[in-house]
Amino acid sequence: MIRFHNTLSGREEEFLPLVPGEVRVYTCGPTVYNVPHIGNFRAYVFEDLLLRFLRFSGYKTIQVMNLTDVDDKTIRDARTAGLSLREYTAPFIESFFAGLKTLRIHPADHYPRATEHIPDMVRIIKGLLDKGVAYRKEGSIYFDISKFPSYGRLSGIDVEALRTTSRIGARLETDEYEKESARDFALWKAPKEGEPFWETEIGPGRPGWHIECSAMSAAFLGPTFDIHCGGVDNIFPHHENEIAQSEAYFEKPFVRYWLHCHHLIVDGEKMSKSKGNVYSLDDLVETRRVDPSVLRMFLISTHYRKVLNFTFEALDQAAAALKRITDFVYELEHRAFPDAGSGLAGPLIAEADAEFRDGLGDDLNVSSALTALYDLIRKANSLIREEKIGADEARALRSFVSQVDDVLAVLPERREEEVSAAVREKIEARELARKAKNWAEADRLRRELLEAGIVLEDTKDGIRWKIAPRKESS
RNA sequence: GGCGCGGUACCCAAGUGGCAAGGGAGAGGUCUGCAAAACCUCGAUUCGCCGGUUCGAAUCCGGCCCGCGCCUCCA
């Protein structure tokens, strides 16, 4: 059984898709006015884990991720740069997709752009006007939240309090607003001098932020779909407003399960430009040479509904944890196993498999799932040591780890295990020195190789070497 | 002020009524020329604090303290 914590109910619920065997998922994507940071990627990695697990569990998945390529900031910055929206956003979109690849995030089925779905949005806005739940004011169109009784259900916000209160108890004079209520939100914004706008049947202008998700999710997934994900900051107002628009227009339930991931903080503090602690993927992977697998391991290993604290020490710990898995795989692939095994590997795998599935099925409890894997590794290593794992069993274990990694996707890409002739010669020279019991020379060469990222292991079956994981440098 | 998340060993982190998972780091040991890898052993009489319920609580209830997030078109 799969259970997810649904923000709508505030508790865990059994997950059953609308159409048996098929899951439709909408994941809030990037606003492409800037290079995405690792906090953004935490959300995408979480969503990737979710989708991978659903497929691992036998579901067919359809995933849509939007690209918000028109909003206030995008317009503002494009204007400053003297570029069109399309020109301005192109490099950020590219950076976003490059990041997905780096972190081995499986591509969504569709990446619709807001600017390419204006007609879909206009249709909904027009419908909302016709139904009387939206109104025009000075060229803009607003959604009237008083016409949507369940407004506030997702976020648990009291609409009455919202109407008169901003933060810290400060009262707002609602009369001063153009909108009829302080918290009515814009569906369509009147054109402003020098800003891009679209000529449409509801008049010239550009879309409000929330409407794109209502329009594009319906276009690809239908008016009702299974899962909608995003960061916790989107619960209010973004997702609350999406529900209002979609349900008021389609008169059908919008999303069945809302899954929100918490934020990533850095050194215990919120990422912010003023603190200078905002990291992009390139800052870590290119500049500091952090292994992308290690970064993914780090991002994945804290439960998605908890705040994740990014520190370089935590990254080192993730690297150590990952190494435990990669060393196990290395052992399975490079050791000479006896022909006959003990028959103990099968039950071990079955047990780990069940625990792994149960763990992730429990609202993506990665800790439990990883424990299943580590338990298997410890027990299997123990059997390997006792020569109780046969060649077939080693293959079965390797295959199980691969299956698990279809979900986690943390094992490094298979590196070409080729090194330069110079390194190869050095390894041989070190072997000769060792055979001659010239320990000083052998150790010196080993140290040199280690600095070049080559780890040597002397086993009773002979020398073997592996490429050390990349270690970040600051 | 409202809504929400969290406080479990040196670090990370599961567990949500019945003897406190797992990973890392650390200590000791086996193996090894030495390492590396691996395995074994050790490690919280205790789960932010104080009360309460219970045969029994990290887990339920009440109160308090601390950290953090959102309530600004920030995932």
Side-chain angles (χ1 to χ4, degrees), chain A residues 7 10 27-31 33-34 36-47 68 71-74 152 155-158 161-162 165-170 183 185-186 189 208-210 229-238 241 260-265 268-272 278 298 301-303 305-309 311 313-314 316-325 327-328 330-331 335 355 359 362 365-375 377-386 434 437-440 442-443 446-447 450 455-460 464-466 468:
Chain A
T7 308
T27 47
C28 271
T31 300
Y33 74 103
N34 209 339
H37 54 66
I38 52 170
N40 299 119
F41 282 112
R42 185 211 184 174
Y44 309 142
V45 166
F46 143 64
E47 287 153 1
T68 301
D71 85 313
D72 289 353
K73 285 186 201 165
T74 314
S155 52
I157 278 170
D158 178 347
L162 203 57
T165 312
S166 178
R167 61 204 319 200
I168 331 267
R183 289 300 173 162
F185 58 90
K189 296 186 173 187
W209 175 38
H210 318 292
C229 303
V232 285
D233 54 296
N234 280 154
I235 296 172
F236 188 87
H238 187 49
N241 292 348
H260 292 99
C261 81
H262 227 299
H263 280 186
L264 176 149
I265 58 177
E269 294 182 309
K270 181 185 163 119
M271 263 196 286
S272 70
V278 178
F298 165 73
S301 49
T302 291
H303 185 81
R305 279 192 297 110
K306 287 183 82 170
V307 173
L308 174 60
N309 188 20
T311 62
E313 192 197 344
D316 287 342
Q317 292 194 6
L322 181 57
K323 185 167 178 293
R324 178 122 175 103
I325 305 172
D327 278 341
F328 178 60
Y330 184 88
E331 192 71 11
R335 193 183 177 97
E355 276 178 31
D362 177 19
N365 188 333
V366 191
S367 295
S368 295
L370 285 175
T371 293
L373 181 58
Y374 290 125
D375 280 345
I377 290 174
R378 185 169 31 75
K379 288 173 185 164
N381 271 330
S382 195
L383 290 172
I384 288 171
R385 200 179 143 76
E386 295 164 27
R434 202 169 84 89
K437 298 198 190 295
N438 183 353
W439 307 128
D443 289 354
R446 183 169 63 191
R447 215 161 27 242
L450 185 62
V455 180
L456 297 187
E457 298 187 353
D458 303 318
T459 74
K460 63 177 165 50
R464 67 188 193 188
W465 55 270
K466 48 192 168 192

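Distance CH2 (A:Trp465) to P (B:A36): 20 Å, rounded to an integer number of Å. Summarising the geometry, the separation between CG on A:Asp375 and P on B:G23 is reported as 7 Å, rounded to the nearest angstrom. When the C1' atom of B:G26 is taken as reference, atom CG of A:Asp316 falls 16 Å away, rounded to whole Å. Counting to the nearest Å, the C1' atom of B:A14 and the CZ atom of A:Arg305 are 14 Å from each other. Computed from coordinates, the A:His303 NE2 to B:C12 P distance equals 18 Å when rounded to whole Å. As rounded to whole Å, 13 Å separates atom C1' of B:A13 from atom CZ of A:Phe298. One can place CD of A:Glu47 at 8 Å from C1' of B:A75, the figure rounded to the nearest angstrom. When the C1' atom of B:A75 is taken as reference, atom CG of A:Asn234 falls 6 Å away, rounded to whole Å.
Considering only heavy atoms from C-beta on, A:Leu308 stays 4.5 Å or farther from A:Ile265 through its side chain. In this structure, A:Leu456 and A:Arg434 have side chains that are not in contact, with every pair of non-hydrogen atoms separated by 4.5 Å or more. At a threshold of 4.5 Å between non-hydrogen side-chain atoms, the residues A:Phe185 and A:Pro237 do not count as touching.
A salt bridge links A:Glu331 to A:Arg464: at least one charged side-chain nitrogen sits closer than 4.0 Å to a carboxylate oxygen.
Across the C1' atoms, B:G2 and B:G18 are found 39 Å apart, a figure rounded to whole Å. Separating the C1' atom of B:C10 from that of B:G26 is a span of 8 Å, rounded to the nearest Å. When the C1' atom is compared between B:U41 and B:C5, the two are found 39 Å apart, to the nearest whole Å. Between B:C50 and B:G28, the two P atoms lie 36 Å apart (nearest whole Å). Using P as the reference atom, B:G52 and B:C47 are 16 Å apart when rounded to the nearest Å. The gap from the C1' atom of B:G7 to that of B:U59 amounts to 15 Å, rounded to the nearest Å.
One finds the CD1 atom of A:Ile377 at 9.5 Å from the CG atom of A:Leu370 (value rounded to the nearest 0.5 Å). Atom CD of residue A:Glu386 and atom CG of residue A:Leu383 lie 6.0 Å apart, to the nearest 0.5 angstrom. In this structure, the separation between CZ on A:Phe298 and CG on A:Asp316 is 11.0 Å, given to the nearest 0.5 Å. The CZ atom of A:Phe46 sits 8.0 Å away from the NE2 atom of A:His303 when rounded to the nearest 0.5 Å. How far NZ of A:Lys466 is from CG of A:Asp327: 3.5 Å, rounded to the nearest 0.5 Å.
Judged by distance alone, with hydrogens and angles left aside, A:Asp443 brings a side-chain donor or acceptor within reach of the base of B:G33, the pair sitting under 3.5 Å. With hydrogens and angles ignored, a donor-acceptor pair under 3.5 angstrom links the side chain of A:Thr371 to the base of B:A21. Between the side chain of A:Arg446 and the base of B:A36, no donor-acceptor pair of N or O atoms lies under 3.5 Å. One N or O donor and one acceptor, one from the side chain of A:Gln317 and one from the base of B:C11, sit under 3.5 Å apart.
Backbone-only contact: A:Gly230 has heavy atoms under 4.0 Å from sugar-phosphate atoms and none from a base. At a threshold of 4.0 angstrom between heavy atoms, the contacts of A:Ala314 with the nucleic acid are absent. Nucleic acid contact class of A:Lys306 (heavy atoms, under 4.0 Å, all strands): sugar-phosphate only. Within 4.0 Å (heavy atoms only), A:Leu264 reaches at least one base atom of the nucleic acid.
The two residues A:Gly39 and A:Leu264 make their nearest non-hydrogen contact at CA-CB, 4.0 Å. Closest non-hydrogen pair, A:His263 versus A:Arg42, comes out as O-NH1, 3.2 Å. Across every non-hydrogen atom of A:Ser368 and A:Gly359, the tightest pair is CB-CA, 3.8 Å.
Each of B:C34, B:A13, B:A75 was ranked by its minimum atom distance to the side chain of A:Asp458; first place goes to B:C34. Relative to the side chain of A:Tyr374, the nucleotides B:G22, B:A75, B:A36 differ in distance, and B:G22 lies closest. Comparing B:A13, B:A75, B:C11 by their closest approach to the side chain of A:Thr302 singles out B:A13. Considering only the side chain of A:Asp362, B:G15 comes nearest among B:G15, B:G23, B:A37.
When each of A:Cys28 and A:Leu308 is assigned the nucleotide of RNA chain B bearing its nearest heavy atom, the one mapping closer to the 5' terminus is A:Leu308.
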Table of protein N/O atoms under 3.5 Å from nucleotides 66-70 of chain B N/O atoms:
from  : atom 1 : to       : atom 2 : distance (Å)
B:C70 : OP1    : A:Lys270 : NZ     : 2.3

Identify all pairs in which a protein N or O lies below 3.5 Å from an N or O of nucleotides 38-44 of chain B, and state each distance.
from  : atom 1 : to       : atom 2 : distance (Å)
B:A38 : OP1    : A:Arg324 : NH1    : 3.4
B:A38 : O3'    : A:Asn381 : ND2    : 3.1
B:A38 : N3     : A:Arg385 : NH1    : 3.3
B:C39 : OP1    : A:Arg324 : NH2    : 3.2
B:C39 : OP1    : A:Asn381 : ND2    : 3.3
B:C39 : OP2    : A:Arg324 : NH1    : 3.3

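The closest side-chain donor-acceptor pair between A:Asn234 and A:His260, if any, does not fall under 3.5 angstrom.
Taking the six-membered ring where the residue is Trp, A:His238 and A:Trp209 present parallel rings, their angle staying beneath 30° rather than reaching 60°.
Counting only Watson-Crick or G-U wobble pairs whose defining distances are both under 3.5 Å, the stems of 3 or more consecutive pairs in RNA chain B are B:1-7 with B:65-71, B:10-12 with B:22-24, B:26-30 with B:38-42, B:48-52 with B:60-64.
Distances shown here put every side-chain N or O of A:Asn309 at or beyond 4.0 Å from the OP1 or OP2 atom of B:C11.
For B:G33, the base is stacked against the aromatic ring of A:Trp439, per a cut-off of 5.5 Å between centres and 30° between planes.
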